[in-house]
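The structure under discussion appears below in the form of structure tokens.
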Amino acid sequence: MAANFEREDESEAFLIEVCWHYFVNGMTQSEVAEAMGITRLRANRAIQVARASGLVRVEVESPFITRLTLQDRLRGALGLDDVVVVPANRLDYNFQQPVGTALATWLERGLKERKWRSIGVSWGLTLDAAIKRLPTMSLGELEIVSMIGGVSVGASFNTFSVASGFADKLGAKYSLFAAPVYLSPHTDREKFLSEPVLREQVERCKQLDLAILAASDLSPKSFLMRDSLPSDVTAEMLAERGAVGDVLGRFFDRDGDLIDHAINDRVVGIEIDQLKSIPEVVLAAAGIHKIDIILAAIRGGVAKTLITDDLTAEHLLEKVEQDGWQPQNS
């Protein structure tokens, strides 16, 4: 539903929301006006006021935007440390760009404060979008750590490229799990991970200050499901065991528990218990098709901060209220 603002409301939140749609989502002034329930003239005036006041340079200057009531409701309902909700372009929906931009803004503030020495990353188009929005920095003391093995396909958004992409943009070091996401069915995982180079990467994962996660459902929209599942595993098999999606290659059910399937024991990457012990864990995810896996990751105690868009946030709240859902740590 379009937001309705009183004419006299020229608050910073209003100005920033207009500018977010215009500059980040790439909407025209007419599309912004339609989405927000205002006139095109008012949208134009808001952009001019924001430019004149210094809120906008080439991109939106103010940190995240707006939807404060929605953020507060979602934070309370999900029992999270923090929630960031950004406006989606509902006329031409693309969740990766706005959520990736919000993630970049969230990261930039912490990086400028030197909050983290070691950041663990996963993969995906949302993280790739965040890399493109990050400013170039020189953080030689920072290390970007891949938390999962890689794949030979996936171009810029696979595990290897995401870790190196963050490092290049931030002037940081990086390290990788030099291994596939999934081991062959009869490989001794413990013995495999005892190799020195992999054991060192496991130790790096234990020392992380921040972990950045993405999540995928079981549909063909998921890069993992489409191109990277082992040939002996199918989406139907996982669904039969109750899976609703994956985080870092491991599959969860609606209650936030790992499903009873051997694929979870074949992952080359950080253990879920280790992930839960990291001081800050942010999940950047959006899309109606991901509602169940987002809730599963939160219910299971994996994510402590959520970055999403307003369309997803509304559906998350609706789902929570319908189901009488409670986070495990509430």
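Computed from heavy atoms alone, side chains included, the values below leave out hydrogens, waters and symmetry copies.
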For this session: Might you point out which heavy atoms bring Leu176 and Ala163 nearest each other, and give the distance in Å?
Result: CD2-CB, 3.6 Å
For this session: Give a yes or no on whether the backbone of Val85 and the side-chain of Gln71 come within a donor-acceptor separation of less than 3.5 Å.
Result: yes
For this session: Go through Glu113 and Arg109 one step at a time and tell me if the salt bridge (charged side-chain N to carboxylate O under 4.0 Å, His left out) criterion holds.
Result: CA-CA 6 Å; Glu113 296 170 5; Arg109 296 185 71 184; 5.3 Å; no
Exercise. Please, which pairs that meet ring-ring contact (aromatic ring centres under 6.0 Å, His included) have at least one residue in residues 255-312, sequence neighbours excluded?
Worked result: Phe95-His289
Exercise. Is there a side-chain contact between Val86 and Trp20 (heavy atoms, below 4.5 Å)?
Worked result: yes
For this session: Locate the shortest heavy-atom distance separating His21 from Pro87; write the atom from each residue and the value.
Result: CE1-CB, 3.3 Å
Exercise. Going by an N to O cut-off under 4.0 Å, is there a salt bridge joining Arg266 and Asp232?
Worked result: yes
Exercise. Mind checking whether Leu183 and Ile148 sit in one hydrophobic cluster, side chains of I, L, V, M, F, W, Y counted as touching below 4.5 Å?
Worked result: no
For this session: Find the distance between CG (Asp209) and CD1 (Ile278) and round it off to the nearest 0.5 Å.
Result: 9.0 Å
Problem set entry | For the student: nearest non-hydrogen atoms of Val268 and Ala179, plus distance | CG1-CB, 3.8 Å
Exercise. Hey, any chance Phe177 and Phe223 share a hydrophobic cluster, counting ILVMFWY side chains that come within less than 4.5 Å of each other, even indirectly?
Worked result: no
Exercise. Counting distance only, does the side-chain N/O of Asn264 pair as donor-acceptor with the main-chain N or O of Ile259 below 3.5 Å?
Worked result: yes
For this session: Let me see the working for Phe252 and Asp257 under side chain to side chain contact (heavy atoms under 4.5 Å, CB included), right down to the final yes or no.
Result: CA-CA 5 Å; Phe252 292 81; Asp257 297 317; 6.0 Å; no
Problem set entry | Short N-O contact, Arg204 and Glu143, less than 4.0 angstrom | yes
Exercise. With side chains defined as the heavy atoms from C-beta onward, is the minimum distance between Leu283 and Ile294 less than 4.5 Å?
Worked result: yes
For this session: Would you check if the side chain of Asp310 reaches a backbone N or O of Ala88 as a donor-acceptor pair within less than 3.5 Å?
Result: yes
Exercise. Does Arg133 reach the main-chain N or O of Ala104 with its side chain, forming a donor-acceptor pair under 3.5 Å?
Worked result: no
Seminar exercise, completed: All heavy atoms of Gly249 vs all of Tyr182, minimum pair found to be O-OH, 2.6 Å
Exercise. Do the charged groups of Glu280 and Lys115 touch, with an N to O distance under 4.0 Å?
Worked result: yes
Exercise. Can you tell if the side chain of Ile307 reaches within under 4.5 Å of the side chain of Asp82, non-hydrogen atoms only?
Worked result: no
Problem set entry | Check: Lys276 main-chain N/O paired with Lys304 side-chain donor or acceptor under 3.5 Å | yes
Problem set entry | Same apolar cluster (I L V M F W Y, side chains within < 4.5 Å links), Leu193/Ile272 | no
For this session: Keeping the roles fixed (side chain from Ser122, backbone from Ala214), state whether a donor-acceptor pair exists under 3.5 Å.
Result: yes
Exercise. Does one side chain, of Thr69 or Asp72, offer a donor that lies under 3.5 Å from an acceptor on the other?
Worked result: no
Seminar exercise, completed: For Gly149 and Val181, the nearest pair of non-hydrogen atoms, with its separation, is O-CG2, 3.2 Å
Problem set entry | Salt bridge present between Lys319 and Asp323 (N-O < 4.0 angstrom) | yes
Exercise. Does Glu190 offer a backbone N or O that forms a donor-acceptor pair with the side chain of Asp188 under 3.5 Å?
Worked result: yes
Exercise. Does the pair Thr234 and Leu229 meet the rule for a side chain to side chain contact (heavy atoms under 4.5 Å, CB included), with working shown?
Worked result: CA-CA 7 Å; Thr234 66; Leu229 269 188; 5.7 Å; no
Exercise. With a 6.0 Å cut-off on ring centres, are Phe160 and Trp123 close enough?
Worked result: no
For this session: Give, for atom CG of Leu74 and atom CG of Leu317, the distance between the pair rounded to the nearest 0.5 Å.
Result: 4.5 Å
Problem set entry | Presence of salt bridge, Arg254 and Asp292, under 4.0 angstrom | yes
For this session: Give the C-alpha distance, both sets of side-chain angles, the deciding distance and a yes or no for side chain to side chain contact (heavy atoms under 4.5 Å, CB included) between Ile38 and Phe14.
Result: CA-CA 11 Å; Ile38 60 177; Phe14 169 74; 4.0 Å; yes
Exercise. Once you round to the nearest 0.5 Å, how far does CG of Leu210 lie from CH2 of Trp106?
Worked result: 5.0 Å
For this session: Decide yes or no for Pro230 and Ile263: does some side-chain heavy atom of the first lie under 4.5 Å from some side-chain heavy atom of the second?
Result: yes
Exercise. Tell me, do Ile119 and Leu111 make a side-chain contact under 4.5 Å, heavy atoms counted?
Worked result: yes
Problem set entry | N/O donor-acceptor pair under 3.5 Å between Asp253 side chain and Asp255 backbone | yes
Problem set entry | Flag, side chain of Thr312 to backbone of Gly287, donor-acceptor distance under 3.5 Å | yes
Exercise. Is the number of heavy atoms from other residues, nucleotides or ligands under 6.0 Å of Arg250 CZ greater than 12?
Worked result: yes
For this session: Might you confirm whether atom NZ of Lys173 has over 12 heavy atoms from other residues, nucleotides or ligands at distances under 6.0 Å?
Result: yes
Exercise. Side chain of Glu200, backbone of Glu195: donor and acceptor closer than 3.5 Å?
Worked result: no
For this session: Decide whether Leu70 and Ile298 are clustered together by the hydrophobic rule: side chain heavy atoms of Ile, Leu, Val, Met, Phe, Trp, Tyr closer than 4.5 Å, transitively.
Result: yes
For this session: State, yes or no, whether a side-chain contact exists between Glu318 and Glu314 at a heavy-atom distance under 4.5 Å.
Result: no
Problem set entry | Arg40/Glu34 salt bridge by N-O under 4.0 Å criterion | no
Problem set entry | Spacing of NZ belonging to Lys169 relative to CE belonging to Met137, to within rounding of 0.5 Å | 11.0 Å
Problem set entry | salt bridge (Lys or Arg N to Asp or Glu O under 4.0 Å) involving Arg189 - partner list, sequence neighbours excluded | Glu271
Problem set entry | For Ala215 against Ile293, the heavy-atom pair lying closest together | CB-CG1, 4.0 Å
Problem set entry | Separation between NZ of Lys132 and CD of Gln97, rounded to the nearest 0.5 Å | 9.5 Å
For this session: Could you list all the ring-ring contact (aromatic ring centres under 6.0 Å, His included) pairs where at least one residue sits in residues 26-46, not counting sequence neighbours?
Result: none
Problem set entry | Donor-acceptor side-chain pairing of Arg199 and Ser194 below 3.5 angstrom | no
Exercise. Do Leu275 and Leu213 touch side chain to side chain, with heavy atoms closer than 4.5 Å?
Worked result: yes
Exercise. Under a 4.5 Å side-chain heavy-atom rule over Ile, Leu, Val, Met, Phe, Trp and Tyr, are Leu198 and Val121 clustered together?
Worked result: no
For this session: With side chain to side chain contact (heavy atoms under 4.5 Å, CB included) as the test, would you mind laying out the steps for Asp217 and Asp246 before giving the verdict?
Result: CA-CA 6 Å; Asp217 70 333; Asp246 82 284; over 6 Å; no
Exercise. Does any non-hydrogen side-chain atom of Leu208 lie less than 4.5 Å from one of Val145?
Worked result: yes
For this session: State the CG-CE distance between Leu218 and Met237, to the nearest 0.5 angstrom.
Result: 13.5 Å
